[in-house]
Amino acid sequence: MYVTEAGYSYGEVWTTPRLLRIEPDGGLTTIVTGAHAPWNGVDFHEGAFYIAAGGEAGEGRILRIGMDGSITPIVEGLPSLGDHHTNGPAISPDGWLYFGQGTATNSGVVGIDNFEFGWMYRHPDFHDVPCADITLAGKNYTTLNPLTEDPDDRMVTGAYVPFGTPTEEGRVIPGEVPCGGAVMRVPLAGGTPEVVAWGFRNPFGLAWSPDGRLYITENGADVRGSRPVFGTGDLLWLVSPGTWYGWPDFFAGRPLTDTGWFKPPNEPAPGFLLAEHPNAPPEPTALLGVHSSSNGLDFSRSPGFGYTGEAFIAQFGDMAPGVGKVLAPVGFKVVRVDVENGTIQDFAVNQGESNGPASRVGGGGLERPISVRFDPSGTALYVVDFGVMTIGEQGPEPQPGTGVLWRITRTAGGIP
Amino acid sequence: MKFSRSLTPALLVFGLLAACGPTRRGPPFVAEREITDPQLVLGQRTFDTYCQQCHPGGASGLGPAINNKPLPGWLIRYQVRNGIGVMPAFSSRQISGEELDATVEYLKYLRGLGS
């Protein structure tokens with residue numbers, strides 16, 4: 001059993017990203033260490049590991065790691081310096097490496113929230129990059145300028161441009177590859193990535209269903225920054241090549257001009273940033289809890305475990321109030337989704353009358369599940385649990401040394 | 001947001017009944033459920049499409065818990081059609097009458113699981 005340790009956490013905690021082997025006695029063996037944290041995921045194919053090196057520190061990469069410990073970048077220069085990073089990867093049945101690339105910002109505009117994340121001080125010119133040419137509606141947002149100490153210093157910022165750059169209606173932002181908010185693919189030997197689909201915000205989890213279809217989890221927008229968006233859950237998508245999925249102007253196929261759905265209290269409705277849209281965005285397979293942080297996923301393939309064909313999704317749990325307020329903890333569990341009808345059921349949850357991480361509700365158990373993977377036999381589900389991350393006044397507070405790897409198997413005649 | 005002032009006391013009364021037990025509705029708190037009744041199947045699918053993201057499993061999340069309160073069907077229907085606070089309204093083009101009726105029954109079903 002192998003897992004990646006990211007080497008970076010929100011709250012800006014830095015360690016060393018590494019690939020670990022979990023020994024039968026639970027011991028840990030470091031296979032390789034590296035850079036370009038966070039290392040967000042790993043897949044294995046024909047004798048090599050493939051890792052999404054997220055790129056908060058240095059640009060994003062896809063790494064090939066041989067059994068001899070050699071590290072070879074097969075993709076470099078991914079736009080990962082902002083809020084969201086390089087994710088996945090997942091190798092397709094026909095031998096392509098697919099990965100997700102998250103966006104720089106929450107909803108298309110660089111703002112004060114990005115300074116609070118930390119990266120704006122390192123990369124003040126970083127911004128979102130579209131996968132194809134887009135035409136802007138010319139909306140601009142005025143904010144304080146955290147780069148100066150003058151409390152009266154204001155900056156005007158548009159969409160898809162650096163902080164402090166206004167835009168005008170009709171301005172065309174050229175598309176680039178690689179780009180943000182996309183699922184891309186590359187041959188296992190490496191090369192220039194191809195865009196499979198775009199218009200996502202943070203396509204974090206990627207997995208192939210037993211019938212050969214690619215599904216992803218997408219983290220929905222938060223109530224923060226210059227263009228806060230209210231009430232957007234996380235999404236499970238079936239990826240259709242060549243399709244634009246709506247970010248930054250749609251959620252689950254619904255336009256952000258809808259004031260009944262997306263308008264935050266005491267804030268204007270988000271509206272459109274783009275003057276034109278590549279296509280009418282599709283509707284998702286399933287809508288998961290708002291702020292649930294639905295992340296890694298895998299599909300059950302074995303009747304020995306059950307729920308064959310259903311997607312199992314790790315929900316890291318909300319990071320309220322920074323992402324937006326909730327009335328009760330959301331996520332902190334593993335759910336299963338029937339992809340044929342979008343119904344969602346709890347699968348692995350903590351005991352107790354209320355939902356939440358074990359450190360809050362007591363009794364031991366899950367903290368923040370971040371990824372799931374079935375073993376090759378399909379009869380065991382492994383859950384990677386990030387561990388304790390509380391949210392303090394300054395933001396996320398991860399607690400080192402609290403991560404857990406869980407193993408779930410079906411008991412005789414009963415639920416797993 | 002549109003709701004009559006006369007409904008406010010009713011909403012408050014039901015709000016005061018908020019302490020109506022836990023909201024856990026999945027395993028291991030209740031038996032794993034396989035819904036086969038066609039109306040409940042429709043209700044579950046409608047709920048998971050339109051309601052789940054704010055009321056996960058009927059429990060509290062972005063919105064309050066709704067699986068542990070004795071909300072009458074007429075009030076649920078009114079709130080769905082008209083919204084309240086930050087909850088949007090859902091027109092009959094989004095949730096048909098049949099789907100809304102099924103969702104009401106599904107909510108009652110979820111409530112019953114906690115009894």
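Just so it is clear, the structure is predicted and the values come from calculations on it, not from any experiment. Each chain gets a letter, A, B and so on, in the order its sequence line appears, and its residues count up from 1. For the numbers below, each heavy atom of this structure counts, side chains included, while hydrogens, waters and symmetry mates do not.
The distance between the ring centers of A/Phe299 and A/Tyr307 does not fall below 6.0 angstrom. Between B/Phe47 and B/His55, the ring center distance fails the sub-6.0 Å criterion.
Both the backbone and the side chain of A/Thr343 come within contact range of chain B, each with at least one heavy atom under 4.5 Å from a heavy atom of that chain. Looking at A/Thr259, there are no atoms closer than 4.5 Å to chain B (heavy atoms on both sides), in backbone or side chain. Interface residue A/Pro329: only backbone heavy atoms are found under 4.5 Å from chain B. With a 4.5 Å cut-off on non-hydrogen atoms, A/Leu288 touches chain B through its backbone but not through its side chain. Neither the backbone nor the side chain of A/Lys263 comes within contact range of chain B; no heavy atoms are under 4.5 Å apart.
The environment of CD in B/Glu98 is sparse: at most 12 heavy-atom neighbours from other residues, nucleotides or ligands sit within 6.0 Å.
Of the residues A/Asp249, A/Asp234, A/Asp222, the one that meets the salt bridge (Lys or Arg N to Asp or Glu O under 4.0 Å) test with A/Arg201 is A/Asp222.
When the candidates A/Asn341, A/Asp346, A/Asp258 are compared by the number of heavy-atom contacts under 4.5 Å with chain B, A/Asn341 comes out ahead. Between chain B and the residues A/Val330, A/Asp338, A/Leu287, the largest count of heavy-atom pairs under 4.5 Å involves A/Leu287.
The side-chain heavy atoms of A/Pro357 and A/Val388, taken from C-beta on, include no pair separated by under 4.5 Å.
For the pair A/Arg336 and A/Phe312, the cation does not sit on the ring face, since its NZ or CZ is not both under 6.0 Å from the ring centre and inside 45° of the axis.
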